Amino acid sequence: MVFPIPRRALLRQSAAGFGLLGLRGLLAANAAPANPMAPKAPHFTPKARRVIFLFMHGGPSSVDTFDHKVRLDKDHGKPVPFKRALTFGEDAVRGLMKSLWPFRQYGQSGIEVSDLFPHVASCVDDLCVVKSMVGDGVDHGAALLQLHTGVFSFKRPSMGSWVLYGLGTENQNLPGFITIKPSLGHGGQNNWSSSFLPGEYQGTAIGNSGMKVEEIEKEPVPYLVSHGLPTDQQRFELDMVQKMNRHHAALNEHDPDLEARIGALELAFRMQIQAPEAFEVEKESEATKKLYGLDNEATRDFAWQCLLARRLSERGVRFVQCSHSYKWDQHSELKKLHTKNAAEVDKPIAGLLKDMKSRGLLNDTLVIWGGEFGRTPWAQGADGRDHNPYGYTIWMAGAGVKPGFVYGATDEFGYHAEVNRMHIHDLHATILYLLGLDHERLTYPYAGRNFRLTDVAGAVHHGIIA
Amino acid sequence: MKALLFLLTAAPIFAQTPDLEFFEKNVRPIFASKCAPCHNEKMQSGGLNLVTLAGLDAVVMPKDAAGSRLFQAVSYTGRVKMPPMGKLPEAELAALREWIDMGAPRPKESAARRSRETPLNSTHWSFQPVKDYSPPSVKRESWVRTPVDRFILSKLEAKGLAPAAPASRLTLLRRVTYDLTGLPPALREIDDFLADQSPQAYAKLVDRLLASPQYGERWGRHWLDVARYADSTGMDEDHVYPYAWRYRDYVVQAFNNDLPFNRFIEEQIAGDLLPGAGRQGIIATGFLALGPKPLAQQDRIKMIYDVVDEQIDTVSKAFLGLTVSCARCHDHKFDPILTKDYYGLASIFASTKDFRNLGRPGSVSYIYYAPLDPAAYAKYQAHRWRLYGKEIEMEEAMAEDATRENTLLRPKIGAFLTAAWKVRHKGLTVAAAAEEQGLETKQLEKWVAWLKSADLKKWDEATEQNLDAVVKEYQEAYLASGKKWDDQLAGWRRRFTTEVANDRDIPERPKFGRESNPFFAAATFDGGPMELHDSPRVAQLRAELKELQQTMPPEPDMASAVCDGPIIDQHVFLRGDHLSQGEPVAKHFPLVISKEMDAHVKGSGRLELAHWLASSKNPLTARVIVNRVWQWHFGEALVRTPNNWGTTGEKPAHPELLDYLASRFVESGWSIKALHRMILLSNTYQMGTAASKATREADPGNHLWSRFNRIRMSVEEIRDTLLALGGNMDQTIGGSLLPEGEGKRSRMDPDSVRRRTLYIPVRRGSIQAVLATFDYGDATTPSEGRPRTNVAPQALFIRNSRFVVDQAMGLAKMLLADASLSDTERVQRAYLLTLTRRAEPFEVDDGLSYMQGLRQRLGKESTALQAWQSFCHVLLSTNEFLYLN
């Protein structure tokens with residue numbers, strides 16, 4: 001199918017983004033191109049060009065997954081021997097509880113992984129496991145907001161928005177910051193909002209956690225699918241609109257705003273044709289689908305998310321988040337539900353890592369896995385664990401981080417991070433560093449002062465950097 | 001921030017130790033006049049910056065003048081001799097020596113970190129009283145319609161610029177109708193205005209629009225943006241504010257009734273305390289109550305002070321154009337606003353009640369809602385307590401009965417099953433079996449009857465050999481489940497009582513998990529043999545409970561509002577941390593304006609704050625609102641940082657006009673409608689958008705108002721216009737669109753709402769895509785005015801959404817419905833309706849041939865309606881439709 005090319009030569013060259021366009025600046029006769037989404041030079045040579053964040057909403061238990069604690073095995077059932085910090089569910093504190101799953105060593109690195117993650121364990125030599133994460137939020141809302149924005153008392157831009165603001169994006173027909181199936185709770189939109197950064201840097205949500213994949217596939221981005229005429233008739237209709245617009249612009253001194261909207265209409269039309277291709281996960285080979293577990297009911301949802309994340313990264317989307325939401329909050333039924341949760345994501349994640357690696361994408365993409373906090377080393381009620389933001393595990397893989405490496409440690413119970421404590425601010429500083437951005441220089445003036453993702457804190461942890 | 005500049009600022013004004021006083025009086029002036037000119041932030045002569053504490057520390061050894069490099073230099077005893085142009089007078093040298101020997105006392109950072117401006121000597125323009133300027137004289141008197149024009153024209157003339165030509169009558173009609181109502185002029189309104197050739201036609205039009213109820217919907221919405229209005233708490237849990245809409249409706253009515261703006265301020269801050277304000281006053285405090293709140297924050301004190309902070313931020317930005325909340329952790333970096341000022345206000349809001357109670361650990365806090373009819377509410381609450389009391393009384397009675405019965409019957413379950421098995425498989429009579437097992441015949445009959453339909457396969461298939469074992473298994477499983485169930489109910493009753501006593505959410509009666517023991521469930525509930533029947537006492541209580549349920553009055557009207565809570569004696573929180581208390585502060589208002597560190601308030605101090613904010617003596621309040629009104633008329637403000645009038649804010653190009661408008665506004669009794677007339681009747685407002693190239697080059701940002709700004713419609717204007725043109729608008733004013741019995745997270749599809757956009761409930765945690773796409777903002781902080789971005793997702797909405805397609809269809813149907821019209825006339829009418837102008841003849845031809853072409857492409861099956869729908873969609877997609885000239 002052939003569509004008339006946009007008439008204005010200027011527009012043809014325009015690199016303006018998923019509508020994100022500063023076409024106004026672009027079209028102003030004397031102004032330099034001002035597309036806010038155009039790729040921008042980082043502060044220094046980056047190790048990673050883009051990020052995929054696999055978010056395990058609810059808080060997976062570190063002591064049951066990647067942080068094996070011998071002391072818990074030994075003291076299982078004994079009363080909590082240490083002072084507890086602010087605890088979410090004070091009323092149901094029980095004795096220490098060992099991991100409900102055995103740990104084994106894997107790979108050359110011999111990193112220990114519990115039986116919850118056999119597939120991820122097969123990629124362990126690509127992982128950089130950080131066992132010393134620290135956050136300040138004891139409840140989900142605060143913890144999610146801090147993880148995503150650095151702060152939980154106020155609304156602040158999401159890290160994806162900061163990254164986009166700092167680097168722009170590589171594909172102008174797709175949003176630069178995409179969050180797949182995010183939760184609408186626990187901060188909801190605030191977790192992918194651009195807040196005071198310009199609206200162009202807002203994350204684009206692909207569905208939400210309550211929606212089924214088939215539902216989302218119908219219209220992954222709001223209004224991307226026409227409810228009017230068939231495509232060729234739409235072009236005919238749009239030609240009429242643009243004819244009137246050009247006449248109107250000529251009568252109004254070619255106001256850059258008016259010219260910009262002529263461009264925006266063309267861009268929207270182009271996007272409508274081109275963007276859906278990125279979402280056609282079904283077009284992947286059977287082997288690939290199988291690798292991710294798209295063929296299995298239990299793993300299908302997250303497999304779809306991971307595969308979509310790869311397709312988007314491959315097409316230059318700067319920051320992609322997948323959410324396994326809101327699953328991991330096992331105040332009770334830890335055995336049953338952590339087993340189920342891990343089974344839903346284990347294969348898709350391993351599939352993503354293997355696929356990215358074989359395509360060379362892991363060389364310049366940083367993959368991050370983690371929840372908003374971990375869980376307590378003591379039992380909550382009969383068979384649960386409470387929230388623990390004081391010491392928990394995440395891992396990273398790919399561009400810029402040491403593979404097959406363990407960084408930091410918690411105390412012998414797995415409660416407080418002790419060695420190489422990595423606060424969320426530090427994590428943010430380190431992610432930005434890997435992307436070639438200095439977290440102290442990536443600032444935006446708002447309400448009379450310069451703001452940053454890391455507020456007034458944060459330090460890059462060079463110890464994990466390859 | 002290393003530069004403290006502390007040596008350059010004037011003496012602090014607060015009580016201080018004699019040592020510090022010595023420093024302020026005798027030492028600071030020496031540094032400021034003799035050292036700082038070279039050893040400052042910029043020059044740092046010799047690498048030394050003496051306007052910082054760090055710089056000072058490098059050269060001063062406390063209590064050792066002779067060993068201090070500073071003293072060696074100034075006493076001309078060392079290699080370096082300072083100041084270079086001559087030794088200091090003896091008196092100053094003595095002062096420096098004495099000071100160093102005292103231990104070199106100097107202000108701590110917090111006092112030192114003050115900006116150059118101090119609260120008591122500030123010269124910043126916006127903190128000075130409003131001046132009543134006379135309108136200047138101009139050369140071109142004929143252009144002047146109102147005094148506003150003199151201010152505008154005189155600056156244009158000074159730059160050698162001419163104002164733009166007037167807008168056409170229809171352009172003006174479209175502009176002012178949208179401006180005041182957010183809707184397009186209807187056909188009849190167009191006809192009426194064109195027919196009225198009198199010189200007063202436009203003034204009459206303005207009057208009509210100001211009197212229309214849609215005016216309040218439009219202008220109330222502007223204010224709701226400043227009030228960061230939303231229908232949920234946002235942040236972590238995003239709970240619905242079920243009564244927020246009452247505040248929204250109050251705002252709409254306040255504008256429609258032209259409630260004096262000073263009164264409007266007072267009601268929003270302290271309407272609950274204002275004599276005579278009544279119900280409306282309580283609702284008005286929704287302004288304070290409806291902010292974002294982190295309900296699940298477990299550190300409750302921090303949560304309370306985060307809410308206080310949010311209120312300080314909103315109040316200070318909305319009414320004063322000040323960023324007071326910057327001073328939470330330290331003195332304001334740029335403006336003369338002290339941390340003490342911040343906590344002076346915090347003291348007021350911390351003494352104000354936002355929460356009914358703080359919830360259980362691990363749970364959320366409960367928001368306070370104010371009853372609007374206290375007597376009815378007291379009755380309602382009393383009834384509720386009686387009802388809960390009755391419910392628990394009945395439950396306890398049932399539990400007592402159950403314990404008695406179960407003690408008797410549960411141990412016999414094995415016997416019942418054995419006896420019943422023998423009845424079924426051994427042909428024993430019920431009486432014989434009962435006697436054999438020592439049971440009552442009547443009770444055994446129940447079991448036998450029930451077992452006929454019950455699905456107890458294992459029991460049924462038992463043999464004489466294993467009967468005892470099978471029965472024992474049932475018996476034990478029943479006892480285990482019974483105990484668990486009893487405990488669960490007892491736990492629930494305890495929690496019920498505690499939650500009622502603490503006025504928290506009442507837990508629901510637990511349900512037995514049937515899958516855990518189907519035998520227990522079937523035997524115990526739904527007519528099983530172990531089911532308990534109401535004793536006469538329980539039956540009596542049940543009847544009483546039912547009576548109470550049936551006579552329960554409906555919940556009386558409530559509002560999201562505040563009231564005074566326990567009065568707090570506030571301390572400064574060091575670095576904003578509530579765990580580090582500093583010195584106490586009295587309730588007071590920012591010193592730079594109030595000039596007092598103690599406002600001598602009663603109660604929370606909100607009432608005094610309200611009066612102070614709404615005072616004509618306050619140099620900011622009137623200016624700030626006048627500036628906003630200007631912004632909402634012209635798309636840009638006179639001070640283009642409407643929430644920041646501090647030193648980093650914009651200085652206006654027209655300070656005289658600003659003060660003139662503020663003076664007239666106060667003089668008019670703070671009448672917003674009078675202010676509208678002052679602005680709308682000016683020639684400035686009635687200019688066209690076209691400007692000469694020279695003008696555009698000389699005044700590219702239109703700071704001089706050389707022409708009218710072309711403005712993209714807001715999302716409300718777009719959506720409301722589409723509904724109106726599509727014939728689908730429900731014009732009902734006010735009320736709640738929240739679904740009945742709304743869930744905590746219920747959302748609403750805006751495309752299904754036929755009311756004006758203003759009425760769509762907005763969840764902070766999930767703002768609807770169409771609103772977000774068109775720059776609605778996040779309803780979290782006071783809006784500085786909506787950005788008017790121009791991005792492809794907006795184009796996608798206009799071109800692709802079912803909503804727009806449907807409205808185009810509605811419009812097409814309306815055009816076709818009038819059989820008396822020719823197609824030419826239909827095109828003309830479509831232009832009038834969508835663009836408020838007549839179509840040129842060539843445009844009519846283009847439209848008609850477009851529809852013809854489309855039908856040809858679509859083929860024989862195509863209908864006229866299809867073509868008209870498409871043509872209407874074209875018109876609604878044009879720039880001319882979307883942009884107001």
Side-chain angles (χ1 to χ4, degrees), chain A residues 18-21 23-24 86 88-91 138-142 145 152-153 155 184-190 193 195 199-200 202 222-229 233-234 236-238 240-241 243-245 248-249 252-253 255 257-258 260-262 264-265 267-269 271-272 447-449, chain B residues 234-238 292 294 296-299 302 306 309 323 326 333-334 361-362 644 646 648 689-690 696 710 712 745 765-767 769 772-773 775 778 780-781 787 789-797 799-802 805 846 850 853-854 857-858 870 873-874 877-880 882-883 885:
Chain A
F18 189 73
L20 312 162
L21 5 174
L23 275 181
R24 177 182 187 144
L86 183 64
F88 194 70
E90 273 293 345
D91 40 0
V138 185
D139 63 279
H140 297 283
L145 288 167
F152 56 80
S153 298
K155 185 167 175 175
L184 295 176
H186 297 150
Q189 249 172 8
N190 295 353
S193 118
S195 179
E200 293 92 351
Q202 179 99 3
Y223 311 117
L224 191 61
V225 179
S226 168
H227 291 290
L229 299 163
Q233 307 300 346
Q234 276 179 56
F236 184 71
E237 198 174 271
L238 184 59
M240 180 67 177
V241 174
K243 181 177 165 187
M244 294 174 69
N245 281 345
H248 176 251
N252 288 286
E253 305 144 349
D255 180 335
D257 266 345
L258 300 177
R261 183 155 183 278
I262 292 173
L265 281 162
L267 250 171
F269 190 73
M271 259 172 42
Q272 183 184 319
R449 76 168 171 98
Chain B
M235 311 289 292
D236 46 14
E237 293 294 314
D238 202 27
Q297 166 65 263
Q298 294 301 295
D299 182 341
K302 176 163 165 47
D306 281 351
D309 184 67
T323 53
C326 287
K333 299 268 176 161
F334 310 111
N644 180 7
T648 56
T689 49
R696 276 184 281 142
R710 181 173 294 115
R712 198 207 75 208
R745 299 195 204 284
S766 52
I767 291 179
T773 303
D775 306 310
D778 60 13
T780 295
T781 54
T789 63
N790 193 346
V791 299
Q794 294 166 358
L796 283 174
F797 170 78
R799 299 296 304 141
N800 287 347
S801 83
R802 185 167 292 289
V805 168
D846 276 3
Y850 167 76
L854 184 77
R857 294 174 67 99
L858 290 173
S870 173
H873 196 181
V874 165
S877 303
T878 58
N879 285 346
E880 190 175 354
L882 198 63
Y883 282 84
N885 262 5

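The sequence lines fix the lettering, A, B, ..., with proteins before strands; numbering per chain opens at 1. Quantities reported herein were computed from a predicted structural model and do not represent experimental measurements.
Listed for the Gln189(A) side chain is a donor-acceptor partner under 3.5 Å among the backbone atoms of Ile767(B).
Contact count against chain A (heavy-atom pairs under 4.5 Å) is highest for Ser801(B) among Pro361(B), Pro787(B), Ser801(B). The greatest number of non-hydrogen atom pairs below 4.5 Å with chain B, out of Val225(A), Asn245(A), Asn190(A), Leu265(A), is found for Asn245(A). Chain A forms more heavy-atom pairs under 4.5 Å with one residue of Leu882(B), Val805(B), Asp846(B), Val874(B) than with any other, namely Val874(B). Contact count versus chain A (heavy atoms, under 4.5 Å) is highest, among Ala769(B), Gly646(B), Ala690(B), for Ala690(B). Contact count versus chain B (heavy atoms, under 4.5 Å) is highest, among Gln272(A), Lys243(A), Gln234(A), for Gln272(A).
Every side-chain hydrogen bond (donor to acceptor under 3.5 Å, both in side chains) that Arg710(B) has, sequence neighbours left out, goes to Asn252(A), Asp255(A), Thr689(B), Asn885(B). Residues that satisfy the side-chain hydrogen bond (donor to acceptor under 3.5 Å, both in side chains) test with Ser870(B), not counting sequence neighbours, are Glu237(A), Tyr850(B).
Within the 4.5 angstrom heavy-atom criterion, atoms from both the backbone and the side chain of Val241(A) approach chain B. Contact of Leu86(A) with chain B is made through the side chain alone, with heavy-atom distances under 4.5 Å. For Asn879(B), the parts lying near chain A are the backbone and the side chain together; criterion is any non-hydrogen pair under 4.5 Å. Only the side chain of Thr780(B) comes within contact range of chain A, judged by heavy atoms closer than 4.5 Å. Heavy atoms of Thr781(B) lying under 4.5 Å from chain A belong exclusively to its side chain. Residue contact with chain B, scored on non-hydrogen atoms closer than 4.5 Å, involves the side chain of Leu145(A) exclusively. With a 4.5 Å cut-off on non-hydrogen atoms, Gln202(A) does not touch chain B at all. If you measure heavy-atom distances from Met240(A) to chain B, the contacts under 4.5 Å come from both the backbone and the side chain.
Counting heavy atoms from C-beta outward, Leu224(A) and Asn800(B) have side chains that stay 4.5 Å or more apart. Residues Leu238(A) and Arg799(B) are in side-chain contact: their nearest non-hydrogen atoms beyond the backbone lie under 4.5 Å apart.
Across every non-hydrogen atom of Leu184(A) and Ser766(B), the tightest pair is CD2-CB, 4.1 Å. Taking all atoms of both residues into account, the shortest heavy-atom contact from Lys302(B) to Phe152(A) is CE-CE1, 3.8 Å. Listed here is the closest heavy atom pair of Ala268(A) and Ala792(B): CB-O, 3.7 Å.
Atom OH of residue Tyr883(B) and atom CG of residue Leu258(A) lie 6.0 Å apart, to the nearest 0.5 angstrom. Interatomic distance, Glu253(A) CD to Arg696(B) CZ, rounded to the nearest 0.5 Å: 4.0 Å. How far CZ of Phe236(A) is from CG of Leu858(B): 9.0 Å, rounded to the nearest 0.5 Å.
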- Message: The test is side-chain contact (heavy atoms from CB on, under 4.5 Å); show your working for Arg857(B) and Gln233(A) and say whether it passes.
- Response: CA-CA 8 Å; Arg857(B) 294 174 67 99; Gln233(A) 307 300 346; 3.1 Å; yes
I'd like to know whether Asp236(B) forms a side-chain contact (heavy atoms from CB on, under 4.5 Å) with His140(A), so could you lay out the CA-CA distance, the side-chain angles of the two residues, the decisive distance to 0.1 Å, and finally the verdict.
CA-CA 7 Å; Asp236(B) 46 14; His140(A) 297 283; over 6 Å; no
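Ion pair Lys155(A)/Asp778(B) flagged as a salt bridge, since at least one NZ, NE, NH1 or NH2 atom sits closer than 4.0 Å to an Asp/Glu carboxylate oxygen.
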